[in-house]
Amino acid sequence: MRAVFTFSLMTLRMLFRRRTLWGILMVILLALAGIASVPSFDVSNQGRFILDFGLFGIEVGALILALGLAANLFPRDRETRTLMPLVAVPLSRWQYLLGRFFGAALVQAAALLVTCLGLMLILLIHKLPIPGDLLPATLLIIVEGWFLLSTVFFFSFFTSPPLNWPLTTMLFIVSQMSVAEFAGLMPSTPGLMRTVRMLLPHADVFHIKDPIAHGFEIEPVYFLIAIFYGLCYSAFMLSLALAVFRGRDLK
Amino acid sequence: MRRFILFISLVLLAFVGCRTDYDIADVAPAEFLESGEHHHDEHTDGETGDEHSIDEHVEASHVGHSHAASTRNRGTQWFFNQPWAAPFIWGKLFRDAVIFLALAIAIFFITGRRRKR
C-alpha cells in the first residue's frame with residue numbers, strides 16, 4: 001500500500017498544478033454567488049432557495065470536477081508514454097489505478113469543501129442561519145463525487161475523453177431517476193429496464209438538500225449508511241475499471 | 001474455484017437486480033403513506049364558531065402554504081418519498097452496499113487470476 005500512497009501523493013501534486021482544477025473551482029464559486037444574487041422579491045425563506053440551489057450547484061460541481069480531473073489522466077499517461085514504465089516495474093495495474101483514484105479523490109474532496117465554505121460565506125453575508133447538517137450534506141456530495149470519479153476512470157479505459165464526458169453525464173442523470181421513470185423510457189421492455197436500473201446506483205441516497213432547506217433533522221445512522229453505500233458502489237465501479245484495465249494491451 | 005466465484009457473483013447480481021426496489025411509493029408500508037396524506041382536520045374558528053376543514057380554510061383565505069419548520073404538511077408525500085425519510089429501506093441500502101463490496105472483491109480476484117495465467 002506504500003506504493004499506492006506515494007503514487008496518490010504524486011497524482012495530488014500534479015492535479016493541484018493544473019489550471020483545470022482552479023478554473024472549475026472558480027466557475028462553481030461564481031455560480032453559487034450568482035444563485036445568491038437572485039432577488040427574492042420579498043418572498044420569505046430566501047435561505048431555503050439559496051441552500052437548495054446552492055447544494056444542487058455543488059453536486060453538479062462534483063460531476064464537472066470528476067470529469068475535469070480524471071477523464072484525461074489515463075489517456076495522457078498513455079500518450080506521453082509514462083504509463084508503460086510505471087506499470088512495468090514499480091506499480092502493478094491495480095496500484096496505478098488506486099493511486100490515481102485516491103489522488104484525484106483527495107483533490108476533489110478539498111475542492112468541494114471549499115465550495116461548501118463558499119456557500120456558508122454567502123449565507124453569512126445574507127445574514128441567514130447556517131444549518132448544522134450543511135457539512136454532512138457536503139460530505140454525502142463528496143461521496144457521490146467519488147462514485148462519479150470511479151465512473152470516469154471506468155470509461156476512460158476504453159473511451160476517449162470527449163466521449164467520457166457525455167457517458168458519465170448520462171449515467172449521472174439516469175442515476176437520479178426512479179425505477180418507474182427509468183422503465184418508462186422504454187415501455188416495451190419493462191422487465192429489462194427495471195433490472196438495468198436496479199444495477200445502476202441510486203443517487204437520491206446522497207440528496208438531503210430538501211430536508212436541510214426545510215429544517216428537518218436527519219438521523220446520524222442514515223449518513224453512515226449512505227456513505228457506506230457510496231463507498232461500496234465506488235469500489236464496485238473501480239473493480240470494473242480494473243477488470244477493463246487488466247484486459248487492455250498497452251503496447 | 002474460478003467458476004464458483006463467477007457463480008456466486010451472478011447470484012449476487014441477480015439478488016440485487018430482482019429483489020431491491022427503491023421506489024418508496026411502491027414498497028412503503030401503508031402506515032408510512034397514510035402519515036403524509038391529506039389531513040382534513042376539523043377545527044373551529046374562534047370568532048365565528050364555524051367548523052370547517054383546513055383545506056377549505058386555506059383555499060378560502062389564500063394564505064399560501066406556510067407551516068412550521070420540521071412538521072409534515074398536506075400534499076407533500078413526494079417530499080417524504082426520499083431515502084432519508086424512509087427508514088424501512090435503510091436495511092436494503094446496507095445489504096446492497098455489502099453485495100456491491102463482495103462483487104468488487106470477487107471481480108478483483110477473478111481478473112487478477114486471469115492475468116497471472
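Proteins come first, then strands; the chains are lettered A, B, ... in the order of their sequence lines, and each starts at number 1. Hydrogens, waters and symmetry mates play no part in the numbers below; they use all other heavy atoms, side chains included.
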Determine whether more than 12 heavy atoms belonging to other residues, nucleotides or ligands lie under 6.0 Å from atom [atom1] of [X].
X: Phe5(A); atom1: CZ; value: no
X: Phe53(A); atom1: CZ; value: no
X: Phe228(A); atom1: CZ; value: yes

*Give me the ring orientation class for Phe100(B) and Tyr229(A): parallel if the planes are under 30° apart, tilted from 30 to 60°, perpendicular past 60°.*
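Perpendicular.
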Between [atom1] of [X] and [atom2] of [Y], what distance do you get to the nearest 0.5 Å?
X: Leu240(A); Y: Ile107(B); atom1: CG; atom2: CD1; result: 4.5 Å
X: Asp96(B); Y: His202(A); atom1: CG; atom2: NE2; result: 7.0 Å
X: Leu101(B); Y: Ser239(A); atom1: CG; atom2: OG; result: 9.5 Å
X: Trp84(B); Y: Leu140(A); atom1: CH2; atom2: CG; result: 13.0 Å

_Do Tyr222(A) and Pro83(B) have side chains that approach each other closer than 4.5 Å (heavy atoms only, starting at C-beta)?_
yes
*Kindly confirm or rule out a cation-pi arrangement of Arg246(A) over Phe108(B), judged by NZ or CZ under 6.0 Å from the six-membered ring centre and within 45° of its axis?*
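Judged by the rule, Arg246(A) and Phe108(B) form a cation-pi pair.
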*Looking just at side-chain N and O atoms, do Asp210(A) and Gln82(B) make a donor-acceptor pair shorter than 3.5 Å?*
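Note: Asp210(A) and Gln82(B) side chains meet the donor-acceptor criterion.
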